[in-house]
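So the structure is just underneath, and the comments pick up after that.
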Amino acid sequence: VPATDSLQVPPPPRVPASALRLRRRFRRFLAAELAGTTAFDRAASWDGFDPDFSRRMGAAGYIGLSLPRAFGGHGRPLLERYIVFEEALVAGAPVGCHWFADRQSGPLIARYGSEAQKAAILPRLCRGELCFCIGMSEPGAGSDLAALRTEARPVAGGFIANGTKLWTTNAHRADYMIALMRTTPRDAAAGRHAGFSQFLVDLRSAGIGIRPVRDLHGREHFNEVTFTDCFLPADAVIGKAGDGWAQVTAELALERSGPERYLSCHVLLTELLRVLRGARDTRARVALGRAVAELVTLRTLSLGVAAQLAAGEDPQLTAAVVKDLGARFEQSLPALAQELVAVQPTLDAHADDFRRVLGSLMLVVPSFSLRGGSVEVLRGIIARGLGLRSGEESRDG
Ligand SMILES: Cc1cc2nc3c(=O)[nH]c(=O)nc-3n(C[C@H](O)[C@H](O)[C@H](O)COP(=O)(O)OP(=O)(O)OC[C@H]3O[C@@H](n4cnc5c(N)ncnc54)[C@H](O)[C@@H]3O)c2cc1C
């Protein structure tokens with residue numbers, strides 16, 4: 001095993017007083033907003049979709065926290081953004097309408113977008129008025145993203161797009177997609193990662209079809225999106241045409257490292273603590289203590305990644321570790337709940353909250369080790385980062 005020091009996660013940063021004040025203020029905002037909701041409502045977390053809530057969050061100054069002031073953002077440190085994301089998830093706020101925009105599309109546009117794109121998009125995004133979706137995966141191109149076949153062929157004034165995106169969360173209710181497409185044909189000499197570009201796609205454009213795909217839960221939140229001779233103007237390219245692969249890799253680090261990778265099931269943990277409060281069962285106490293200790297460890301690791309991002313470092317490796325460990329932790333929670341509390345999980349609207357939260361999350365957690373990069377692929381990235389593996393890189397590794 002070659003010696004390596006590449007998995008050095010910086011110690012978690014000290015949370016500054018300004019962030020603690022922000023946390024208190026945001027908690028008050030959330031408490032007022034979520035008064036009267038059930039644990040079942042809150043368990044939807046970042047899958048919860050409420051455009052009015054997103055607008056109120058934007059109006060109160062909690063979206064685009066780290067984006068530039070010149071474009072409607074708040075210019076605050078990344079750590080404050082982390083605190084807001086964390087509090088929203090712990091509370092189970094319905095952040096789904098603006099989540100992708102705030103987490104990755106806004107920062108991507110701020111970093112690579114043209115001045116015109118920033119002026120047109122960022123102020124509305126920060127007001128919570130825009131919903132974005134992520135157009136990466138395709139049939140036959142999930143883990144191996146570089147195998148994608150949607151092409152945007154250069155024509156006078158822009159590009160003509162043809163192809164299919166798959167598993168596109170919220171495409172049916174989004175305003176824009178950030179899509180990765182091939183703009184020059186694959187060329188063995190240039191390598192399989194050359195020739196991609198990212199586009200800011202207005203989903204009202206002619207030639208776009210959106211068909212829902214129903215999940216295990218019976219919900220329709222992701223979609224198949226087809227492009228049929230869809231014209232994309234030249235100014236829809238984000239960054240530089242041909243640089244799409246480097247940009248999308250940077251975007252994936254934002255997608256993978258945040259608190260949503262270990263707090264998506266948090267309501268189940270708090271429900272378990274509520275149901276078992278006062279129980280004298282030592283086994284339950286030990287198991288819950290272990291779960292909370294694991295949560296605290298994951299948070300420390302994830303805050304370390306936030307510090308790497310803030311320092312301008314590339315956290316690809318550590319983000320993969322957080323995502324892998326976080327998914328495993330979250331997937332273990334429904335089984336732990338069943339082991340400690342003998343109830344039947346259900347989706348029956350008349351059943352008690354705990355059983356409904358359990359029923360709902362049991363159907364959702366299998367996706368945690370797929371969305372944002374599958375477990376096997378993440379472990380490949382980790383192995384490569386530790387110097388244990390070489391070979392060609394796939395989507396996520
Ligand atoms: C709830 C949910 C929401 C999603 N939302 C979006 C979205 O909004 N936008 C978007 O672009 N995508 C989205 N995705 C797609 C997600 O990114 C892909 O599911 C993921 O990248 C895996 O790709 P795949 O489904 O094609 O599986 P595949 O790549 O076909 O993989 C299938 C299995 O084979 C394994 N495998 C594949 N390659 C290797 C390898 N080289 N070595 C070892 N094992 C391997 C994988 O680990 C996996 O277990 C979403 C997925 C889910 C579940």
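Whatever order the structure lists them in is the order used to number ligands and atoms, beginning at 1. The analysis underlying the following values was restricted to heavy atoms, covering all of them including side chains, and did not include hydrogens, waters or symmetry mates. Note that the structure is predicted; figures quoted are calculated from it, not measured.
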Hey, looking at atom 27 (O) of ligand 1, which of Ala147, Ser143, Gly380 has the closest heavy atom?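 Ranked by closest heavy atom to atom 27 (O) of ligand 1, first place is Ser143.
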Regarding atom 20 (C) of ligand 1: of the candidates Thr169, Leu378, Leu370, which has the closest heavy atom?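 Looking at heavy atoms only, Leu370 sits closest to atom 20 (C) of ligand 1.
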What residues, two or more places apart in sequence or in another chain, satisfy side-chain hydrogen bond (donor to acceptor under 3.5 Å, both in side chains) together with Asp52?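 side-chain hydrogen bond (donor to acceptor under 3.5 Å, both in side chains) check on Asp52 returns nothing, list empty.
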With only distance considered, is [X] within less than 3.5 Å of ligand 1 through an N or O on each side?
X: Glu376; answer: yes
X: Trp167; answer: yes
X: Ser367; answer: no
X: Met136; answer: yes
X: Glu138; answer: no
X: Ile134; answer: yes
X: Arg371; answer: no

Determine, using ring centers only, whether Phe26 and Tyr62 are less than 6.0 Å apart.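 Yes, ring centres under 6.0 Å apart.
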What about Phe100 and Phe132, are their ring centers closer than 6.0 Å?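 No - the distance between ring centres of Phe100 and Phe132 does not fall below the 6.0 Å cut-off.
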Please identify which of these residues, Arg211, Arg173, Arg214, meets the salt bridge (charged side-chain N to carboxylate O under 4.0 Å, His left out) condition with Glu220.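 Output: one option passes, namely Arg214.
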Using every non-hydrogen atom in the two residues, find where Ile238 and Gln247 come nearest and quote the distance to one decimal.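 Nearest pair, atom of Ile238 first, then Gln247: O-NE2, 3.2 Å.
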Decide if atom CZ of Arg277 counts as having more than 12 heavy atoms of other residues, nucleotides or ligands within a radius under 6.0 Å.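 Not buried by this count: 12 neighbours or fewer within 6.0 Å.
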Which ligand 1 atoms does Ser374 reach within 4.0 Å, using its non-hydrogen atoms?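 Atoms satisfying the 4.0 Å criterion: 46 (C), 47 (O).
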Regarding Arg103 and the six-membered ring of Phe85, is the cationic atom NZ or CZ under 6.0 Å from the ring centre and inside 45° of its axis?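 That pair does not qualify as a cation-pi contact.
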